[in-house]
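Worksheet: the structure to be examined is printed underneath.
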Amino acid sequence: MFGRQRRTERRAPIPRGSRHGRRPIRSSITGPSLPDPSARVVRFEVEARAAVELLQSLLPDELRGVQFGFQTVPNGLGESELPMLYSIDRASRTIVLYRMPIQRARGLHVDDDEHRRYFIEHCAYRAVCEYLGREPWDLLPGRFDHF
């Protein structure tokens with residue numbers, strides 16, 4: 001062979017062990033330094049913001065100036081024995097949705113992403129109804145009947 005040298009060294013085989021303990025590969029869009037978009041916290045905020053924007057578009061006059069916020073858990077225990085899904089402060093015109101109680105709530109007849117999203121919408125809608133002092137079936141008849 002003229003001018004070519006033959007390689008005699010062999011490369012070590014790539015180990016094909018189990019995938020336990022490995023992080024999933026993220027796309028080049030998110031990159032390794034950004035949070036995983038499918039994480040529960042991010043997914044909750046995206047779905048809750050979408051529900052709030054929907055309600056603000058359906059009730060623009062009633063919700064003008066009302067601030068919506070999201071917290072992981074309620075600060076205080078409250079008077080209720082039921083889990084506190086949201087809180088309302090009419091004096092400061094704020095509604096706060098609590099992520100963990102909403103995500104851990106029981107009673108979904110089907111536990112999948114779609115029904116969890118419906119439940120987030122339901123909680124936002126109930127909070128708005130309570131804030132406005134109106135009954136859910138009177139405010140937007142038929143819109144949130146799935147719960």
Side-chain angles (χ1 to χ4, degrees), residues 7 9-147:
R7 288 190 170 173
E9 50 187 68
R10 298 189 74 170
R11 293 184 183 171
I14 299 172
R16 303 276 186 209
S18 70
R19 294 183 177 261
H20 297 289
R22 292 185 187 175
R23 291 178 51 158
I25 297 173
R26 296 188 185 150
S27 71
S28 60
I29 294 173
T30 60
S33 63
L34 297 175
D36 183 7
S38 64
R40 281 186 264 170
V41 174
V42 174
R43 191 171 55 227
F44 174 81
E45 283 201 23
V46 166
E47 292 169 354
R49 286 185 196 284
V52 167
E53 288 173 5
L54 173 68
L55 289 168
Q56 287 174 328
S57 69
L58 294 172
L59 305 164
D61 296 330
E62 293 91 339
L63 296 178
R64 186 170 289 120
V66 177
Q67 298 295 316
F68 287 85
F70 311 105
Q71 286 185 358
T72 303
V73 293
N75 292 337
L77 295 174
E79 298 174 9
S80 175
E81 292 180 13
L82 298 173
M84 205 159 126
L85 303 175
Y86 55 84
S87 66
I88 295 169
D89 186 0
R90 286 184 182 85
S92 65
R93 298 180 53 93
T94 58
I95 297 173
V96 178
L97 299 174
Y98 299 115
R99 180 183 63 83
M100 287 183 71
I102 291 173
Q103 287 180 330
R104 293 181 177 179
R106 303 284 185 231
L108 293 178
H109 63 283
V110 177
D111 191 14
D112 64 358
D113 289 339
E114 181 180 10
H115 287 82
R116 280 185 235 112
R117 190 185 76 239
Y118 287 156
F119 189 66
I120 293 170
E121 288 178 0
H122 169 76
C123 291
Y125 182 62
R126 292 299 301 244
V128 166
C129 289
E130 188 175 326
Y131 177 84
L132 297 174
R134 310 236 338 246
E135 294 295 327
W137 46 87
D138 292 336
L139 191 58
L140 293 172
R143 177 64 178 104
F144 294 96
D145 283 348
H146 47 266
F147 275 97

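Only this structure's heavy atoms are used, side chains among them; waters, hydrogens and symmetry mates stay out.
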Using side-chain heavy atoms (C-beta onward) and a distance below 4.5 Å, is Y125 in contact with L54?
no

Contacts of type side chain to side chain donor-acceptor pair (under 3.5 Å), residue E45, not counting sequence neighbours
R49

Listed partners of R134 passing salt bridge (charged side-chain N to carboxylate O under 4.0 Å, His left out), at least two apart:
none

What pairs of residues pass the side chain to side chain donor-acceptor pair (under 3.5 Å) test when at least one of them lies in residues 65-74, not counting sequence neighbours?
none

Are there more than 12 heavy atoms of other residues, nucleotides or ligands under 6.0 Å from atom CZ of R126?
no

Indicate yes or no: at least one non-hydrogen side-chain atom of V128 is less than 4.5 angstrom from one of V66.
no

Pairing residues for E130 by the side chain to side chain donor-acceptor pair (under 3.5 Å) criterion, not counting sequence neighbours
Y86

Distance (rounded to the nearest 0.5 Å) between L63 CG and L58 CG
9.5 Å

What distance do R116 atom CZ and E47 atom CD have between them, rounded to the nearest 0.5 Å?
8.5 Å

Any idea which heavy atoms bring G133 and R90 closest together, and the distance?
N-NH2, 4.5 Å

From E114, H115, H122, residue fulfilling side chain to side chain donor-acceptor pair (under 3.5 Å) relative to Y118
E114

Go through the structure and list residues passing salt bridge (charged side-chain N to carboxylate O under 4.0 Å, His left out) with D138, not counting sequence neighbours.
none

Under 3.5 Å, sequence neighbours excluded: what are the donor-acceptor pairs made by side chains of residues 92-102?
unit_1: S92; atom_1: OG; unit_2: D89; atom_2: OD2; d: 2.9
unit_1: S92; atom_1: OG; unit_2: T94; atom_2: OG1; d: 3.1
unit_1: R93; atom_1: NH2; unit_2: R64; atom_2: O; d: 2.3
unit_1: Y98; atom_1: OH; unit_2: S87; atom_2: OG; d: 2.8
unit_1: R99; atom_1: NH1; unit_2: Q103; atom_2: OE1; d: 2.8

Where do C129 and L139 come nearest, in terms of heavy atoms and distance?
SG-CD2, 3.6 Å

Determine the minimum heavy-atom distance between I120 and A48, stating which atoms define it.
CG2-CA, 3.7 Å

